[in-house]
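Lettering follows sequence order; numbering is per chain, from 1. What's counted below: heavy atoms across the whole structure, side chains too, no hydrogens, waters or symmetry copies.
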Number of protein chains: 2
Amino acid sequence: MDSSGTRRQNTRRRLFEAAVTLIAEQGFSSTTVDEIAERAGVAKGTVYYNFASKTVLFEELLRHGIELLTDSLQAAADETAERGGSRVDALDAMIRAGLDFITRYPALMQLYVAELWRTNRAWQSTLMQVRQKAIAVIESVLREAVATGELSAELDIPLTASALFGMVLVAALDWQSFQPERSIDEVHSALSRLLQGRVSGVRP
Amino acid sequence: MDSSGTRRQNTRRRLFEAAVTLIAEQGFSSTTVDEIAERAGVAKGTVYYNFASKTVLFEELLRHGIELLTDSLQAAADETAERGGSRVDALDAMIRAGLDFITRYPALMQLYVAELWRTNRAWQSTLMQVRQKAIAVIESVLREAVATGELSAELDIPLTASALFGMVLVAALDWQSFQPERSIDEVHSALSRLLQGRVSGVRP
DNA sequence: CTTTTTGCACTGACCGGTCAGTCTAAGACT
DNA sequence: AGTCTTAGACTGACCGGTCAGTGCAAAAAG
């Protein structure tokens, strides 16, 4: 059977899964270690056997989770490039990838937004690194698009990247929370339209 | 400053001010009532004389705060209309108003984002009402713009409204936290450009 | 005189973290 | 084979501290 190495890995994974939903629902401080342990089906001591503290558990969770997002955005951009799509197509593909990601891991993104702009918290620097990695993927696509002349050279790359990220994030979270009856295609096309300026009355 | 209003109103205001920054920094659960009272320069008993509980204090704070935002967005839209501007101009003015608001009350918006998409929390319904009021202001401008033909009839109004709101919110919070050296005009014009589709290489 | 605020001691539930001990499977020794 | 040892993973009762909320008498404000 699975030897000790795998067993531990498995326990850690279950603790992550338990923690991410609980913390997304209730916030870090009002989620108790007992709750996390219970939902993961392990004893409280096991949490501390696997992680130095509640905070460390949370930090590792964040790091692991956002790595998944970054990889997924990067993959979307790369695939578009391989298919010979434009850089604007790549942005569109990344919007889609972002929406897919939030559909799969809603709790993770929920918790990310809830913590990102707080100050004086232990995991502040972890979050900043993590944010920078995600935004950097968007920025590099924007930069390429400006280089190839697809987008205006006037573009403020860092600001636009963070605005795009925010637009997708909030729209997706709102979609999940308040209009879950919409399809992902509806959300995607609303965002695409916004991005491509068709909002401003240019009829197709 | 003015000591307008009754004595009681004054202490309530000071409690709001103390609570909003503390909770934005630390979150609701890890902010103690003693801290709030101390920062407001008031005895702990006074907190409970004025508010039924910590939760109620927070709820009233949210309600009061977002009312300010809604009023400010509405005012921006109305002023544009009075000046005879288009509905797209009104959207632009609302973006500006949103940025101004976040500049003035960063903690409030910080805390709003942190709590909005949580579930199972006492103030969930308060937040939903509050969100609906703010989004409704944007939606009504979008609706008018569609009616006058300024914007495409294909526009998905609720989704676009929440995407716009999110775009401004996240861009502004990122601006404050990570790029405070930028001027409000830079942020504003980056967002305007995004909205008016000039991202896609179309020069004005 | 009424409303509001103060100061402060107190309670009881709750929670992060600890620790001595249990379980199990894989050797090691006889 | 049977018995003993070791190491890693896990357990849960327990401890010490924290904090929302209470109670109340006395002072301040209006």
Restricting to nitrogen or oxygen on both sides, can you table the protein-nucleotides 16-21 of chain D pairs closer than 3.5 Å?
{"from": "D:dA20", "atom 1": "OP1", "to": "B:Thr31", "atom 2": "O", "distance (Å)": "3.3"}
{"from": "D:dA20", "atom 1": "OP1", "to": "B:Lys54", "atom 2": "NZ", "distance (Å)": "3.1"}
{"from": "D:dA20", "atom 1": "OP2", "to": "B:Val33", "atom 2": "N", "distance (Å)": "2.9"}
{"from": "D:dA20", "atom 1": "N7", "to": "B:Lys44", "atom 2": "NZ", "distance (Å)": "3.3"}
{"from": "D:dG21", "atom 1": "OP2", "to": "B:Tyr48", "atom 2": "OH", "distance (Å)": "3.0"}
{"from": "D:dG21", "atom 1": "OP2", "to": "B:Lys54", "atom 2": "N", "distance (Å)": "3.0"}
{"from": "D:dG21", "atom 1": "N7", "to": "B:Lys44", "atom 2": "NZ", "distance (Å)": "2.9"}
{"from": "D:dG21", "atom 1": "O6", "to": "B:Lys44", "atom 2": "NZ", "distance (Å)": "3.0"}

Short side-chain N/O contact from A:Thr46 to OP1 or OP2 of D:dA9, under 4.0 Å
no
Just checking, is any N or O donor in the side chain of B:Asn10 or B:Arg7 under 3.5 Å from an acceptor N or O on the other one?
no
Set of side-chain hydrogen bond (donor to acceptor under 3.5 Å, both in side chains) partners for B:Glu59, sequence neighbours left out:
none
Using whole Å, report how far CZ of A:Phe51 lies from P of D:dA9.
13 Å
Short side-chain donor-acceptor distance under 3.5 Å, B:Asp89 and B:Ser86
yes
Measure the distance from CD on B:Gln9 to C1' on C:dT3 and round it to the nearest whole Å.
14 Å
Within the structure, does a side-chain N or O atom of B:Asn10 lie under 4.0 Å from either OP1 or OP2 of C:dT4?
no
Is any side-chain nitrogen or oxygen of A:Arg8 closer than 4.0 Å to OP1 or OP2 of D:dA9?
yes
So, the side chain of B:Arg63 versus the backbone of B:Val130: is there a donor-acceptor pair under 3.5 Å, distance only?
no
Would you say A:Tyr49 reaches D:dA9's phosphate, i.e. side-chain N/O to OP1/OP2 under 4.0 Å?
yes
Donor-acceptor contacts, no H, no angles, side chain residues 73-81 of chain B, under 3.5 Å, sequence neighbours left out:
{"from": "B:Gln74", "atom 1": "NE2", "to": "B:Asp78", "atom 2": "OD1", "distance (Å)": "3.1"}
{"from": "B:Thr80", "atom 1": "OG1", "to": "B:Ala76", "atom 2": "O", "distance (Å)": "2.8"}

Centroid separation A:Tyr112 to A:Tyr105 less than 6.0 Å:
no
Can you tell me how far P of C:dT4 sits from CZ of B:Arg14, to the nearest Å?
16 Å
